[in-house]
There are 2 protein chains.
Amino acid sequence: MIASDEMTKATGRETEGRRERKRRQTRERIEQAAISLFLERGFDVTTVEDIAERADVSKRSFFDYFPSKEDVVFAWQDGFAEHLMRAIASRPLDEPVVKAVQYGLTSAIVSAADERALRLGELIRRTPVLNARDQFKYAKLEAKLTEALKARSRSEKESERMRLLAAVVIGALRVASERWAAQPPGGSLETFAHRFFADFWKTLIDFGNEGLQIRPD
Amino acid sequence: MIASDEMTKATGRETEGRRERKRRQTRERIEQAAISLFLERGFDVTTVEDIAERADVSKRSFFDYFPSKEDVVFAWQDGFAEHLMRAIASRPLDEPVVKAVQYGLTSAIVSAADERALRLGELIRRTPVLNARDQFKYAKLEAKLTEALKARSRSEKESERMRLLAAVVIGALRVASERWAAQPPGGSLETFAHRFFADFWKTLIDFGNEGLQIRPD
DNA sequence: TGATAATATTGCACTTGGTGCAAAAATTTA
DNA sequence: TAAATTTTTGCACCAAGTGCAATATTATCA
């Protein structure tokens, strides 16, 4: 139990008994074994037995730590949605939603982008079944974002707009992550995000204006 | 072989030998058996053997017609992307892209929305694994749309904008399908689509304007 | 400390989706 | 009718995942 405070590596070591510690260690061992095997050989050709063997646990135990093979790849991402929710909730209520979203997303992105994320991103991109699941993650993220935004809105009308904002902004997130991956590495992610969003809002206006010109054929 | 001309029910019956005819009939039998079982009992609890039995073929033969259980649900959707591509390609090149997209999408939606689509939509919505795959479909659709739009654009700059347009518009499609499903049935889909888009473009402008106000904290 | 309760780990049998292959059945062609 | 082609099937097999009961480990408390 209690996977809630994995962040308490330094602070809560006193309260972490042998049981919790061993369980955490085992989980980390499994995760490391799995990821390294995935990167070495590929996701599909790596069997759960391979992973279990390298992590020195039984195949059955693997499923006691992760509900599926795929979940090993995506477990670390779980924090992203939570971070985003918290970041948005922490913005002042009188702030324009769009601004709250931009800052929330930027904060979540920056905190999630590390070395491992890049390598896993590569793996996900070149593995169809992981790719599919990644899209599902975006959908769930969109749902959570919608929820967070609706919580800020006062009218029904505004709520409907928030659903649209979430959809549009998660779409932007997908594009942004593509562009960031295609960029020469080393740049500042904050700067990139800021520029991307600025361009994005401008482009939205262009699209909107073009769309408003449309008259029935 | 030859799944290419399934539309030739009336016209090409002379050229369709016993082999092709039986194969088509078997495929339809399997599909019907599967869908009806999915709707009766649910997707997860229906086994391929159940389907094969109701369709009176062997389990092995099922996989000769469909690569996976999920594919039975999504096979019919394959036409959507093609229709969209064709619809967009048929719009005049000097037409604003946004207009071409709106009309292309509307056309594809209208042609795809039938009785079966609604019931399958319900099934997909309440079955997580199908839901995931559905999201993947959207992603692939987005990729195809991007491709179609980039084919229309002349500059690199414009190409990048097209990637954004595709993302934003497919996001809109997701929201639109939600709203349509939540609506009292019986209305005109064309009218609904037209109104939705009009509202959508206006909302984009609002979001864009809000976004442009953002200054660094 | 030692007994006992709680939890973690494992082995094992089982179900299901999916594939490869070769034999058998149906269909077309000569 | 015989030969060639395609379809269908049976069968053995692999891998993901689950349920369950037995065992081992750790925590608790008298």
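Below, all heavy atoms of this structure are taken into account, side chains as well, without hydrogens, waters or symmetry copies.
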Nearest whole Å is fine: how far is [N] [atom2] from [X] [atom1]?
X        : N       : atom1 : atom2 : answer
Asp64(B) : dG20(C) : CG    : P     : 12 Å
Gln25(A) : dT9(C)  : CD    : C1'   : 16 Å
Glu49(B) : dT15(C) : CD    : P     : 11 Å

Distance test, side-chain N/O of [X] to OP1/OP2 of [N], below 4.0 Å:
X        : N       : answer
Ser61(A) : dT10(C) : yes
Ser58(A) : dT9(C)  : no
Tyr65(B) : dT7(D)  : no
Lys22(B) : dT27(C) : yes

Contact nearer the 5' end of DNA chain D, comparing Arg60(A) with Phe43(A): Phe43(A)

Phe207(A)-Trp201(B) aromatic ring centre distance below 6.0 Å: no

Residue whose nearest DNA chain C nucleotide is more 5′ - Phe62(A) or Thr47(B): Phe62(A)

Mutual orientation of the aromatic rings belonging to Phe200(B) and Phe196(B) [parallel < 30°, tilted 30-60°, perpendicular > 60°]: parallel

Sugar-phosphate only, base, or nothing, as touched by Phe66(A) at under 4.0 Å among non-hydrogen atoms: nothing

With no angle test and no hydrogens, is the base of [N] tied to the side chain of [X] by a donor-acceptor pair under 3.5 Å?
X        : N       : result
Lys59(A) : dG11(C) : no
Arg23(A) : dT7(C)  : no
Lys69(A) : dG17(D) : no

Carboxylate-amine/guanidinium proximity below 4.0 Å for Glu158(B) and Arg161(B): yes

Pair Glu49(B) + Arg54(B): basic N to acidic O under 4.0 Å: no

Residue Phe63(B), side-chain heavy atoms: nucleotide from dA8(C), dG17(C), dG17(D) that is nearest: dG17(C)

